[in-house]
Amino acid sequence: MKVIDIFRSDLIEILKEMQVDLEPIVEINKGKENGHFSTTIALMLAKKMGKNPKDLATIIGDKLSQKDYYSSVKIAGIGFINVEVKTDLLSTIILNIMNQKDNYGQNDQKNYIINLELVSANPTGWLHLGHARNAVTGDTLKRVWEKDGFNVQTEYYTNDAGNQINVLAVTVFVYYLNMIGVKAELPSVAYKGEAYDEVATMFVAEYGDKFKDIKFTDTQILDQEAHDIFRYKSVAFFMDIIKQQLKDFDVEIEHYSSEQEMYDKHELEKTLELYKEKNATYEKDGALWLRTTDFGDDKDRVLVKSDGTFTYILPDLATHRIRIERTKADKLVNVWGGDHHGYIARMRAGLALLGARPDILDIEMCQMVRLVKDGQEFKMSKRKGTAIWMVDLIELVGKDALRYMLASKSSSSHMELDIGLIQQKTSSNPVYYAQYATARCNSILNQAKEKNIQPKFEKTTLLNHEKEIQLLITLDNFSDIVRIASKNKTPHLICEYIQLISKQFHSYYSDTKIINEEEMELTQYRLGFIQSILQVFKNTFDLIGIEVMTKM
């Protein structure tokens, strides 16, 4: 049991003796002068029972003082209770960590399935910086949720139908024509960049000049067979690249779904029929409307326009219907770009009209990322085009640095990614600062191994340095950080926790001689402590998707 939970458990026991059903709030104190932990339970009780909070705090404090593992119980102010825990109990935190190892910080398993859609970039090019932020946000959420005991499924919805795919086919076709010596000009709506040279080369290798006489418009190759070939094979080409780039970025996707497949299987028409059966639609001005105002939308939405074409919301509703049926998930979560905010209410309403819970869908918004260096916008020109490609950023700063920095800020806020900062090998660079701490831990343990000094993991009173106690209490709090980050969908809290451990460890390292052969027993306990710190670093790094360093 965590040390802070022992304090919490003692308070619950005392409240039961007082015949009060109340959940105590306990906190870690920042300053050593107030002890290690505190609670405002007496103030909460006073309000509930109509009694003096200081009198109640005294009663509770006297009962806590009967426990032999509190070195101090003090009443402060109008009824705050502060406790200090004996060092031998705090040392059991190391035992907890080393007994659980990779499972340390794991919360109880929950009978709850989250289906998470992340990235879902259009297969019209490489992944760019915005996609990278979506990927890191979603993948870190997944790792945090799993650490908190949830069952998480991941998927990618491929937008492989619609006008953007027709534009892709024409784009690649024009690059192809120019490669075989047919002068052709890119339409203004076409995509640009070296990516399309690569895919066009594939067509030249396979088809030679077979399509040299075919004309095109902005969105159509004027031969249906050729159009379909360029459309299908270009999508497949980019999807293969996207899948590999996600794999290289340590982002695992379990299921890929296809918008085009929904059209081919007439899932949109099936969804329309379901709405009609539920009397959720009506006709007006020649169009078919969905009664989304029944579930809180600001206005009803058109599903089928007066010309018989489907609106963009229908495929989204259809694919979410299929996801609910296929996954049996308790919650669907989408990680989308920040420009989709107005879409949430209508999607929730549309799903509720199909019989789903009104709150089944959550959408996490990822705002824009701006690349800067020396205070100025940073331009990357290695690969020509209109976007900043993820693969170039990984090559420039490394996978770990990019993942960490993108995870370190709330996804709902705009972000400036400072290339100059990430490239620094100083404490100003949070990625270097954290990974350097793990390199230091490994260096200490390797030195001890060379000297044949074995770490000890037993209960002890020897780890009583102020900075040891501070760091032990921080390590003890890992599962609570996981729980809060999971509940609030704020994975950046894990990065903040990593920085706190790093700061405390570096300060401890600077202030303490860990290997001291004149104090061998203390050295052995401190080595056990270092081993536990390294384990918590590993567990937190796993949540962000970065590596512990053996040396730097």
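Start at 1 with the first residue, then count along the sequence.
Summarising the geometry, atom CG belonging to Leu354 is positioned 3.5 Å from atom OH belonging to Tyr275; distances are rounded to the nearest 0.5 Å. Considering CD1 of Ile324 and OG1 of Thr319, their distance stands at 10.0 Å, rounded to 0.5 Å. Residue Arg8 holds its CZ atom at 11.5 Å from CD1 of Ile6, rounded to the nearest 0.5 Å. Atom-to-atom distance recorded for Leu445:CG and Asn442:CG is 6.5 Å, nearest 0.5 angstrom. Taking OG1 of Thr137 as the start and NE2 of His492 as the end, the distance is 10.5 Å to the nearest 0.5 Å. Within the model, atoms CG of Leu64 and CG of Leu11 stand 5.5 Å from one another, a figure rounded to the nearest 0.5 Å.
At a cut-off of 3.5 Å, with distance as the only test, a side-chain donor of Glu117 or Ser120 sits close to an acceptor on the other residue. Remark: the Thr523 side chain and the Asn516 side chain contain no N/O donor-acceptor pair separated by less than 3.5 Å. Using a 3.5 Å distance cut-off with no hydrogens or angles, the side chains of Gln535 and Asp102 do pair a donor with an acceptor. Using a 3.5 Å distance cut-off with no hydrogens or angles, the side chains of Asn334 and His320 do pair a donor with an acceptor. Under 3.5 Å, the side chains of Gln424 and Thr426 contain a donor-acceptor pair of N or O atoms. A donor and an acceptor atom, one from each side chain of Asp10 and Tyr70, are located under 3.5 Å apart. Counting only N and O atoms by type, the side chains of Asp88 and Thr461 include no donor and acceptor under 3.5 Å apart. Side-chain contact annotation: Glu458 with Tyr525, donor-acceptor N/O pair under 3.5 Å present. For the residue pair Arg440 / His506, a side-chain donor-acceptor distance below 3.5 Å is found, with atom types taken as modelled. Ser413 and Gln367 form no side-chain donor-acceptor contact under 3.5 Å, judged by distance and modelled atom types alone. Gln100 and Asn96 share no donor-acceptor pair across their side chains, judged by distance under 3.5 Å alone. Judged purely by distance below 3.5 Å, without hydrogens or angles, the side chains of Lys147 and Ser486 never pair a donor atom with an acceptor atom. Asn34 and Asn29 share no donor-acceptor pair across their side chains, judged by distance under 3.5 Å alone. Asp316 and Tyr157 share no side-chain donor-acceptor pair at under 3.5 Å.
In this structure, Tyr497 contributes its side chain and Val482 its backbone to no donor-acceptor pair below 3.5 Å. Distance alone, capped at 3.5 Å, is enough to place a donor-acceptor pair between the Asn52 side chain and the Asp55 backbone. In this structure, Ser507 contributes its side chain and Lys503 its backbone to no donor-acceptor pair below 3.5 Å.
Residue Leu543 comes nearest to Thr140 through the heavy atom pair O-CG2, 3.3 Å, listed as atom of the first residue, atom of the second, then distance. The two residues Gly149 and Gln109 make their nearest non-hydrogen contact at O-NE2, 3.0 Å. Contact record, Asn134 with Cys366: OD1-CB, 3.0 Å, taken as the closest heavy-atom pair. The two residues Cys495 and Ile544 make their nearest non-hydrogen contact at SG-CD1, 3.7 Å. Counting all heavy atoms, side chain and backbone alike, Asp250 lies closest to Gly545 at OD2-O, 4.3 Å. When all heavy atoms of Ile473 and Leu90 are compared, the pair lying nearest together is CG1-CD2, 4.0 Å.
By the 6.0 Å contact criterion, CG on Asp298 is enclosed, its count of non-hydrogen atoms from other residues, nucleotides or ligands being greater than 12. Within 6.0 Å of the NZ atom in Lys399, the count of heavy atoms belonging to other residues, nucleotides or ligands exceeds 12. Around the CE atom of Met552, the shell of radius 6.0 Å holds more than 12 heavy atoms that belong to other residues, nucleotides or ligands. Ile25 CD1: 12 or fewer foreign heavy atoms inside a 6.0 Å radius. Around the CD atom of Glu17, the shell of radius 6.0 Å holds more than 12 heavy atoms that belong to other residues, nucleotides or ligands. For Lys16, the NZ atom sits in a loose shell: 12 or fewer heavy atoms of surrounding residues, nucleotides or ligands are nearer than 6.0 Å. Counting heavy atoms of neighbouring residues, nucleotides and ligands inside a 6.0 Å radius, atom NZ of Lys2 exceeds 12 of them. Within 6.0 Å of the CG atom in Asp108, the count of heavy atoms belonging to other residues, nucleotides or ligands does not exceed 12.
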Pair Glu519-Lys513, salt bridge (charged side-chain N to carboxylate O under 4.0 Å, His left out): steps then yes or no: CA-CA 10 Å; Glu519 296 183 77; Lys513 188 174 183 180; over 6 Å; no
Is there a side-chain contact (heavy atoms from CB on, under 4.5 Å) between Leu402 and Val136? Walk through the geometry before answering. CA-CA 9 Å; Leu402 185 58; Val136 169; over 6 Å; no
Applying side-chain contact (heavy atoms from CB on, under 4.5 Å), run through Leu303 and Thr271 and close with a yes or a no. CA-CA 10 Å; Leu303 293 178; Thr271 304; over 6 Å; no
Run the salt bridge (charged side-chain N to carboxylate O under 4.0 Å, His left out) check on Asp294 and Arg291 step by step: do they pass? CA-CA 6 Å; Asp294 289 357; Arg291 302 180 190 274; 5.2 Å; no
Before you tell me yes or no, could you show the steps for Thr154 and His255 under side-chain contact (heavy atoms from CB on, under 4.5 Å), namely the whole-Å CA-CA distance, both residues' side-chain angles and the distance that decides it to 0.1 Å? CA-CA 6 Å; Thr154 54; His255 182 82; over 6 Å; no
Does the pair Lys299 and Thr293 meet the rule for a side chain to side chain donor-acceptor pair (under 3.5 Å), with working shown? CA-CA 5 Å; Lys299 62 181 179 180; Thr293 51; over 6 Å; no
Can you check side-chain contact (heavy atoms from CB on, under 4.5 Å) on Thr87 and Leu463, steps first, answer last? CA-CA 7 Å; Thr87 53; Leu463 296 174; over 6 Å; no
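With contacts defined as side-chain heavy-atom distances shorter than 4.5 Å, the pair Pro24/Ile12 qualifies. At least one side-chain heavy atom of Thr512 sits under 4.5 Å from a side-chain heavy atom of His465. With a 4.5 Å cut-off on side-chain heavy atoms, Ser411 and Lys489 do not count as touching. Using a 4.5 Å cut-off on side-chain heavy atoms (C-beta onward), His131 and Met390 make no contact. Looking at heavy atoms from C-beta onward, Glu27 lies out of side-chain contact with Thr40 at the 4.5 angstrom threshold. Taking 4.5 Å as the limit, every side-chain heavy atom of Leu15 sits out of range of all side-chain heavy atoms of Glu23. You'll find the side chain of Ser532 reaches within 4.5 Å of the side chain of Leu475, heavy atoms only. You'll find the side chain of Leu371 reaches within 4.5 Å of the side chain of Leu393, heavy atoms only.
Cation-pi geometry between Lys467 and Tyr508 is not met at under 6.0 angstrom from the ring centre and within 45 degrees of the axis.
Screening Lys331, Arg323, Glu254 for a side-chain hydrogen bond (donor to acceptor under 3.5 Å, both in side chains) involving Asn115 leaves a single residue, Arg323.
Aromatic rings of Phe505 and Tyr436 (six-membered ring for Trp) have centroids beyond the 6.0 Å cut-off, not under it.
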